[in-house]
Amino acid sequence: MRVVTAVRVVRRHTAVRVSPGGHEARTDLVLRAESGEPGRWRLAVRPADGAGADPAGRARTAWRVLAEKARPVLRGDGLLVEAGRTGTEIVCDGRTVLSHSRAYLLVRDGDHVLHLAAGPAPEDALPWVLAAGPDEIRADTPVLLGPSALLALAAAAREERGGTAPDRTEPPAPSPYPPHDLPLPPAGPGGIGRTRADLDRARELLGDPLLWLAPHGTFGERAAGDLPDAGAGRLPGTAPPPRALIIDSLAPRARSAAGTLDWSAAYRVSDSSGTGRGTGPLRLRGAPGELLAAGGARCGPRRPGLGRDPIGRARYRLTPTVITSLHAGRVFVP
């Protein structure tokens, strides 16, 4: 019996990533999902079809320009540039209801997201102009948590609670990383005649190809496509202090003899003379829940941050930098 395809979703993702040292890696994916009835999706991977402009030139040029600009500070490590293009096409009962394509550029210094948006890298993609060693950190300097550091703490706090989801008072924010973001038209009259839940299942699958390695339904939409909520969006806003130690990213190291978690931190030191990139890594100490609870106010708008789930997959979301009640001498491990 012939199977009638009522909905067909095709997702294309082409990206060229230039990592520290100038090494290139390429991604070419064409993912296809078809459904003849709600909840029943057939999945397929197709060969790359060469649709759209090749982003390789953009990636190489951006990396070369930024690496040269940052050379006195980076000392050859950290900088990653990814130029990509995503495309989505949705056909319902033979009628194209969505055709969407966009290019993007990602710039990272380790796990610190410097730029993630459509178009080329802006001149201010590098927020630092000089190097700052650990000896330049004063004990009384206020500590700020950047987006990626907040996401790392939220993930560690959830893991310490046994993997339970945190309480939420606002819906989870979508990922700002285009390969995670599958735009869909509205369900119902004038859109696709499917329930929103059924369409979200297609978005979940096509937004993260790694989910194809497990039976669909093994991961819930929130667990698979979202990061723990750091709660920063509900804090009041304030201006940043004149001098600050900004923690840009955190990676757990080991526990101290007293059982407190040690972290390896990438950092910046900001004052009236500018912002210096840390020549660390810096060692910090503190329980993730306590460090999160020390957050007192948002400093500036939400920016993209990178977090990782328990098996190390990268996840992006928007969250602000947060000023804490801590000072460098409280968390810095000599």
Side-chain angles (χ1 to χ4, degrees), residues 15-27 55-56 58-84 104-117 120-137 143-153 155 176-177 179 227 244-253 262-271 273-284 303-308 312-319 321 328 332-333:
V16 175
R17 175 173 289 190
V18 187
S19 58
H23 306 293
E24 282 189 24
R26 187 179 184 93
T27 296
R58 290 183 66 216
R60 294 167 189 153
T61 299
W63 189 89
R64 184 172 60 252
V65 170
L66 292 173
E68 182 62 31
K69 181 180 178 182
R71 191 179 305 278
V73 178
L74 276 177
R75 299 181 180 176
D77 67 338
L79 187 66
L80 179 147
V81 172
E82 177 184 312
Y104 68 92
L105 189 73
L106 165 70
V107 181
R108 278 184 13 211
D109 177 17
D111 280 1
H112 178 202
V113 180
L114 305 178
H115 175 80
L116 177 54
E123 290 299 318
D124 60 354
L126 303 179
W128 23 256
V129 295
L130 44 88
D135 57 333
E136 298 182 47
I137 301 173
V143 175
L144 276 61
L145 297 172
S148 295
L150 277 170
L151 295 176
L153 289 172
Y177 182 52
L227 286 164
L245 169 65
I246 306 168
I247 307 301
D248 286 318
S249 63
L250 285 168
R253 290 170 51 104
D262 280 4
W263 304 83
S264 177
Y267 68 95
R268 288 174 286 152
V269 176
S270 176
D271 60 20
S273 64
T275 300
R277 178 185 185 267
T279 58
L282 190 69
R283 286 186 63 194
L284 300 183
R303 293 185 51 83
L306 182 148
R308 300 185 184 277
R313 293 180 299 185
R315 300 288 185 186
Y316 294 83
R317 70 177 296 173
L318 296 169
T319 189
T321 296
F332 177 56
V333 180

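Keep in mind that what you see is a predicted model, and the values were worked out from it rather than measured.
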Hey, what do you get for [atom1] ([X]) to [atom2] ([Y]), rounding to the nearest 0.5 Å?
X      : Y      : atom1 : atom2 : answer
Leu79  : Trp63  : CG    : CH2   : 7.0 Å
Leu145 : Thr321 : CG    : OG1   : 8.5 Å
Glu82  : Arg58  : CD    : CZ    : 11.0 Å
Ser148 : Tyr316 : OG    : OH    : 8.5 Å
His112 : Ser249 : NE2   : OG    : 8.0 Å
Leu151 : Arg317 : CG    : CZ    : 6.5 Å

Search all heavy atoms of [X] against all heavy atoms of [Y] and return the closest pair with its distance.
X      : Y      : value
Thr279 : Pro134 : OG1-CD, 3.8 Å
Leu105 : His115 : O-CD2, 3.4 Å
Arg17  : Leu80  : CD-CD1, 3.6 Å
Val16  : Ala59  : O-CB, 3.5 Å
Ile247 : Ala265 : CG2-CB, 3.9 Å
Leu284 : Val333 : C-CG2, 3.8 Å

Any donor-acceptor N/O pair, Arg303 side chain to Leu114 backbone, under 3.5 Å: yes
Side-chain (Tyr267) to main-chain (Ala132) donor-acceptor, under 3.5 angstrom: yes
Val73 and Leu126: CA distance, side-chain angles, deciding distance, side-chain contact (heavy atoms from CB on, under 4.5 Å) verdict: CA-CA 10 Å; Val73 178; Leu126 303 179; over 6 Å; no
Pair Leu245-Phe332, side-chain contact (heavy atoms from CB on, under 4.5 Å): steps then yes or no: CA-CA 11 Å; Leu245 169 65; Phe332 177 56; over 6 Å; no
Side chain proximity check, Leu153 to Trp263, heavy atoms < 4.5 angstrom: yes
From CA spacing to verdict: salt bridge (Lys or Arg N to Asp or Glu O under 4.0 Å), Glu24, Arg60: CA-CA 9 Å; Glu24 282 189 24; Arg60 294 167 189 153; 2.5 Å; yes
